[in-house]
There are 2 protein chains.
Amino acid sequence: MYTEQGRGTFVGPKSAPQSPRRVPVYQQIANEIIGEIKAGAYAPNRLIPSEKTLEQRFDRAPGTIRQAVAHMRELGWVFTVPQKGTYVSKPEDWPEG
Amino acid sequence: MYTEQGRGTFVGPKSAPQSPRRVPVYQQIANEIIGEIKAGAYAPNRLIPSEKTLEQRFDRAPGTIRQAVAHMRELGWVFTVPQKGTYVSKPEDWPEG
DNA sequence: GGGGATTTGTACGTATGTATC
DNA sequence: TGATACATACGTACAAATCCC
């Protein structure tokens, strides 16, 4: 049973047996970079590769790369300083820990 | 004096006399809709116009409208249910109050 | 159940602006 | 000055979930 704001309360699983639902490309890219951050490839307060560089590495359109970076930003893994670059957040700002 | 995470601490104004910096179109659109929400044009837990409708109303590209909606979402004015639409948040979730 | 319309989500590619170095 | 880097804005296409007959 769950509630959807403004629509009422419903009974039953929200999406059947949790459909596998494909993972968007931008999330796959984000996950890969996050893995590298956790592995220590990019240190806290240090720049990750530029969006341009990531475009080439993943061979994806600018918008897709921007979405990936935005996703990591929302999760707290990185922060961006305009016209400078995107930095790895302090570990205490990382999710689940 | 101010600090930029990862770069150090600096003295002086960050951008001279705080340049007026133009307001992006997506924020202008968001501000206009937020004004209408505050004015009661769209009630809490009710749908705001679809992105398609907003495109026509503001005569802007889809991406710009999506950014405007995303902006309102980040600020807490609305929430989106995929494939259903974007709803006005409960007033207690609105910013500054 | 079927089919179509609606609506948001994802992804592409391009151009230009603006701040930083 | 020039190169780099992110921000904004445009337009297009298709996917996927929902809703309404």
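To find a chain, count down the sequence lines: A is the first, B the second, and so on, and within it residues start at 1. For clarity, every value in this text was computed on a predicted model and none was experimentally measured.
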**Request:** Establish, with yes or no, whether the OP1 or OP2 oxygen of dA11(C) is under 4.0 angstrom from a side-chain nitrogen or oxygen of Y26(A).
**Result:** no
**Request:** Whole angstrom is fine here: how far is it from NE2 in H71(B) over to C1' in dA9(D)?
**Result:** 16 Å
**Message:** I need the CZ-P distance between R22(B) and dA7(D), as an integer number of Å.
**Reply:** 13 Å
**Message:** So if I take residues 30-38 of chain A and measure heavy-atom distances to DNA chain D, which residues fall below 4.0 Å?
**Reply:** none
**Request:** Rounded to the nearest 0.5 Å, what's the gap from CG on L75(A) to CG on D93(A)? Could you check?
**Result:** 12.5 Å
**Message:** Suppose we screen for side-chain hydrogen bond (donor to acceptor under 3.5 Å, both in side chains). Which residues come up paired with S50(B), at least two apart in sequence or across chains?
**Reply:** T53(B)
**Request:** Return yes if some donor-acceptor pair links the side-chain N/O of T86(A) with the main-chain N/O of I48(A) below 3.5 Å, else return no.
**Result:** no
**Prompt:** Please, which pairs that meet side-chain hydrogen bond (donor to acceptor under 3.5 Å, both in side chains) have at least one residue in residues 61-70 of chain A, sequence neighbours excluded?
**Reply:** E51(A)-R66(A)
**Asked** How is G63(B) classified with respect to the nucleic acid when contacts are heavy atoms under 4.0 Å: base, sugar-phosphate, or nothing?
**Response** nothing
**Item:** I65(B) CD1 to dT12(D) C1', straight-line distance once rounded to whole Å
**Value:** 16 Å
**Asked** For the atom pair OG (S89(A)) and CD1 (I37(A)), what is the distance rounded to the nearest 0.5 Å?
**Response** 7.5 Å
**Prompt:** Tell me, do Y87(B) and V81(B) make a side-chain contact under 4.5 Å, heavy atoms counted?
**Reply:** yes
**Message:** Could you tell me how far apart Q67(A) (CD) and dT8(D) (P) are, to the nearest whole angstrom?
**Reply:** 15 Å
**Prompt:** Does R66(B) have a side-chain nitrogen or oxygen under 4.0 Å from the phosphate oxygens OP1 or OP2 of dG9(C)?
**Reply:** yes
**Prompt:** So, W77(A) side chain and W94(A) main chain: donor-acceptor pair closer than 3.5 Å or not?
**Reply:** no
**Fill in**
Of the candidates dC6(D), dA11(C), dC21(C), the side chain of V25(A) sits closest to dA11(C)
**Complete:** K84(A) NZ to dA5(D) C1', in whole Å, measures 11 Å
**Item:** Within residues 26-41 of chain B or reaching into it, pairs that qualify as salt bridge (Lys or Arg N to Asp or Glu O under 4.0 Å) - sequence neighbours excluded
**Value:** E32(B)-R57(B), E36(B)-R57(B)
**Complete:** Taken in chain and number order and not counting sequence neighbours, the residues that satisfy ring-ring contact (aromatic ring centres under 6.0 Å, His included) with Y26(A) are H71(A)
**Item:** Donor-acceptor pair (no angle test) under 3.5 Å: Q83(A) side chain, dT20(C) base
**Value:** no
**Prompt:** Which of residues 46-62 of chain B have a heavy atom under 4.0 Å from DNA chain C?
**Reply:** S50(B), E51(B)
